[in-house]
Amino acid sequence: MRTSPVRNGIQTGTIFGIIMVMMFLIGFTVIGAELIGKILGNPSISGMPDLIYFVIFMILVGVWCGVSAAKRPLYGPDSVKDAVLAGLSAGAICGLCAAVTGFIFGSVAANHIDVRAYLVSVSPESISMFTFNQNPTLGALALFGVMTLSSFLSALVAVEVRTSQKIRTMIENTSGSISETVHSQRISDLLNNKYARYGFYLIVAIALIILPRTWGGYWNYVFGTVGIYIILGLGLNIITGWAGQLVIGYVAFFAIGAYTFALLTAPVPHNLLWNFWIALALGIVVAGISGLLIGLPILNLRGDYLAIVTLGFSEIIRILLKSDLLTTFTGGPRGVHDVGGPTLFGSSFNTDVDFMYIIIIAVLVVSFLAYRLQNSHTGKAWVAINLDETVARATGINAFVSKLLALALSAAIAGLAGALFASRNQFTGPDDHQLMVAINVICLVIVGGIGNIPGIFLGAFALKGLPEILREIENYRMLVFGILLIVMMRLRPEGFLPAKRPVLEKFTADQRSSTDPASHPGNLETNTPPGKGK
Amino acid sequence: MLLSIENLQVYYGAIHALQGIHFSVEKGEIVALIGANGAGKSTTLNTISGILRPREGKISFDGQEIQQTPPQDIVRKGIIQVPEGRKIFGRMAVWENLEMGAYTQKDRAVIKRDVESVFDRFPRLRERRNQLSGTLSGGEQQMLAIARGLMAHPTLLLLDEPSMGLSPLLVEQIFDIIQDINEQGTSILLVEQNAQMALAIADRAYVLETGKIVMQGTGDDLLEDKSVIEAYLGGH
Ligand SMILES: Nc1ncnc2c1ncn2[C@@H]1O[C@H](COP(=O)(O)OP(=O)(O)O)[C@@H](O)[C@H]1O
Ligand SMILES: [Mg+2]
């Protein structure tokens with residue numbers, strides 16, 4: 001006997017209902033409405049978003065619920081009725097959950113009881129918005145209606161889209177033509193054309209020179225942070241993305257770079273006042289050496305010891321920096337102030353635009369280095385170790401030395417990022433070096449597409465640039481990280497821009513015209529049936 | 001003597017996996033090491049490759065003791081292992097796997113030439129040079145694993161159960177290739193559970209049982225030996 005569609009709908013509806021209630025309890029309904037308002041170009045000024053955006057938010061949840069319910073695979077392509085039934089019951093249950101919640105909280109609020117003592121995010125305003133600014137009974141009915149209706153309609157539409165041959169071919173055609181454009185001869189020719197490429201580089205270069213001058217201080221700060229996180233991502237990617245060794249406490253090397261630089265250039269506590277460039281170089285070197293020292297005892301062990309040891313190391317460093325014990329040496333819990341800025345030919349080079357240039361150049365240098373490493377002998381060895389360490393060793397790779405090199409390079413790059421960070425902020429303190437920084441970097445590498453350089457750029461923009469653009473969600477960043485990661489794992493398990501493996505060999509013209517499907521980039525992973533080759 | 005093993009003792013913690021084995025491979029020979037699952041065949045090969053360290057015993061290759069030499073240097077001396085279970089780098093293209101096999105060779109032109117000559121031996125792989133090697137069929141993967149081993153120009157090739165999980169026709173093909181490689185001057189230490197095929201192409205063979213060598217002789221002798229027939233050839 002097959003499960004009935006109603007039962008499935010109830011299941012889906014319960015899940016969505018619980019999510020809905022949770023979102024309300026943590027105040028995410030308000031944030032969601034705010035975000036929608038923002039996307040539609042109407043940022044809330046007075047604090048609470050307009051009711052209409054909340055309605056849109058609820059409808060979106062309902063649509064999602066309905067589509068999910070209709071998508072359960074047990075309905076064949078032609079059982080429209082079953083799917084719609086599932087959508088309807090899912091919406092009803094979800095709506096019921098919302099309605100009950102709305103009614104309870106609405107009644108409580110109507111009696112002037114403030115529940116914020118127990119649930120910090122449930123303000124009277126958010127309750128009122130949740131019940132559509134109506135009395136509890138009406139609000140509950142409205143919630144029920146909106147959820148049921150949107151779920152039902154979206155299930156209907158979803159089934160129609162899925163079953164309609166016309167729409168299906170339309171979707172296939174569009175996605176086909178998009179991928180065709182991406183893979184098309186003309187674009188790849190353009191990319192291979194030397195002059196076109198130089199022209200492209202020139203445009204990018206001009207843009208990078210002009211843009212920082214137009215952004216103004218705030219955006220230079222935001223994009224500077226993004227740049228520093230790109231550097232961190234590229235660095236972590238070497239040891240974790242390529243060599244496959246998880247490093248959790250990556251922030252330790254960031255801290256070492258920052259403090260080395262800060263202590264060498266600040267007036268207090270040592271009054272060394274070294275030159276920016278020399279201190280920067282030393283920050284890189286000291287961080288790199290610390291990576292080497294950490295790796296020496298543990299990298300010939302297998303397993304995730306590196307993750308655990310670096311985690312401990314980063315916490316020890318932060319606690320040491322925070323303790324009064326080392327105040328005379330590291331500035332103690334209050335950190336190091338008046339960290340030196342860059343100079344160029346003896347004169348100061350320290351405006352926000354100047355610093356943006358330095359970060360851009362650092363990003364370019366590190367990316368160039370990463371590209372070179374990726375295609376190098378050593379880069380291949382890292383990937384081989386990642387894929388199978390035993391076999392890699394059997395092919396003559398010195399796994400220990402390769403991993404050690406990867407860790408030292410990663411650490412040195414983190415040192416560079418740390419030094420730049422301290423110099424740009426003209427300050428560094430223990431709280432700059434919390435584990436959260438490292439978690440951020442791991443997230444951006446995973447979200448962008450582990451092992452892939454453009455993916456890291458994208459990840460850094462998504463995780464460090466977007467929150468600035470959507471300032472309000474700052475407090476919910478962990479939540480958004482969580483949601484983003486779950487969605488990522490579901491939709492794109494290898495990241496937004498997954499690393500392309502294998503890298504195709506350069507073709508000569510005659511090879512390209514061959515009929516061998518394996519030589520066509522679009523058919524990378526198809527298995528040629530035996531005897532069908534050239 | 002190309003390779004000689006004396007009193008080799010290997011432990012996994014408390015497990016005494018190799019309990020003092022002796023054997024040798026002469027230049028130009030195919031030597032088979034047969035034994036049931038868990039007898040210690042892979043352990044033997046991994047110890048020769050330097051991936052495992054023996055607690056006692058001597059391994060000499062070309063007159064030099066190598067039991068303390070790290071794996072990457074053993075590869076450079078000319079001992080190459082093709083690990084069991086077709087361990088190719090599945091997320092690399094066929095040609096990238098071959099390049100990895102030539103890891104010790106820095107000269108790109110030489111690598112290119114070697115890749116082409118390996119493709120001459122395995123035309124099937126040439127057709128699939130850009131394919132993700134994890135998507136190859138089982139037989140193709142085994143060929144790729146052997147081809148990758150050849151990229152390093154081995155003096156002694158260690159093959160760990162190359163016939164594992166392949167259809168009889170493919171097994172025959174693989175063994176033809178092994179003989180062919182041997183005829184071109186590479187000495188071979190062949191580890192197999194498929195005793196029939198292994199003994200048929202081996203000059204000499206050893207039988208390994210729970211960490212000890214219990215029998216040795218020419219391939220033909222062992223093929224006719226009663227106890228071998230009973231234990232390994234599904235004796236009639
Ligand atoms: N990594 C390991 N840890 C502990 N015991 C192992 C390990 N690898 C192999 N062994 C044990 O060593 C013995 C020999 O194994 P192996 O050399 O793999 O056998 P074969 O290759 O002949 O099937 C077996 O008893 C096996 O259980
Ligand atoms: Mg084995």
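Keep in mind the model is a prediction, meaning the values are calculated, not measured. We name chains A, B, ... by the order of the sequence lines, and we start the count at 1 in each one.
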Decide if atom [atom1] of [X] counts as having more than 12 heavy atoms of other residues, nucleotides or ligands within a radius under 6.0 Å.
X: R108(B); atom1: CZ; result: no
X: Y305(A); atom1: OH; result: no
X: R53(B); atom1: CZ; result: yes
X: Y12(B); atom1: OH; result: yes

Out of G396(A), A394(A), A399(A), A381(A), which one racks up the most heavy-atom pairs below 4.5 Å with chain B?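 Top count of heavy-atom pairs under 4.5 Å with chain B: G396(A).
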
Examine whether an atom of E84(B) lies under 4.5 Å from a heavy atom of chain A, and if so say whether it belongs to the side chain, the backbone or both; otherwise answer neither.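 When you check distances to chain A, no heavy atom of E84(B) falls under 4.5 Å.
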
Given heavy-atom pairs under 4.5 angstrom as the criterion, report whether the side chain, backbone, both or neither of P83(B) touches chain A.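 Side chain of P83(B) only, per the 4.5 Å heavy-atom cut-off to chain A.
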
For the candidates R148(B), M151(B), Q81(B), which exhibits the highest count of non-hydrogen atom pairs separated by less than 4.5 Å from chain A?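 Among R148(B), M151(B), Q81(B), the one with the most close pairs to chain A is R148(B).
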
How close do [X] and [Y] get, heavy atom to heavy atom, and via which atoms?
X: M92(B); Y: K380(A); result: CE-O, 3.9 Å
X: H377(A); Y: Y103(B); result: NE2-O, 2.7 Å
X: R393(A); Y: P71(B); result: NH2-CG, 3.7 Å
X: F89(B); Y: V391(A); result: CZ-CG1, 4.1 Å

Test side-chain contact (heavy atoms from CB on, under 4.5 Å) applied to I397(A) and M100(B), step by step: CA-CA 9 Å; I397(A) 293 167; M100(B) 287 314 305; 3.4 Å; yes

List the steps and the verdict of side-chain contact (heavy atoms from CB on, under 4.5 Å) for Q72(B) and V401(A). CA-CA 11 Å; Q72(B) 65 271 16; V401(A) 169; 5.8 Å; no

Gap between atom CG of D73(B) and atom CG of N398(A) - 0.5 Å precision: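 One finds 8.0 Å between CG of N398(A) and CG of D73(B).
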
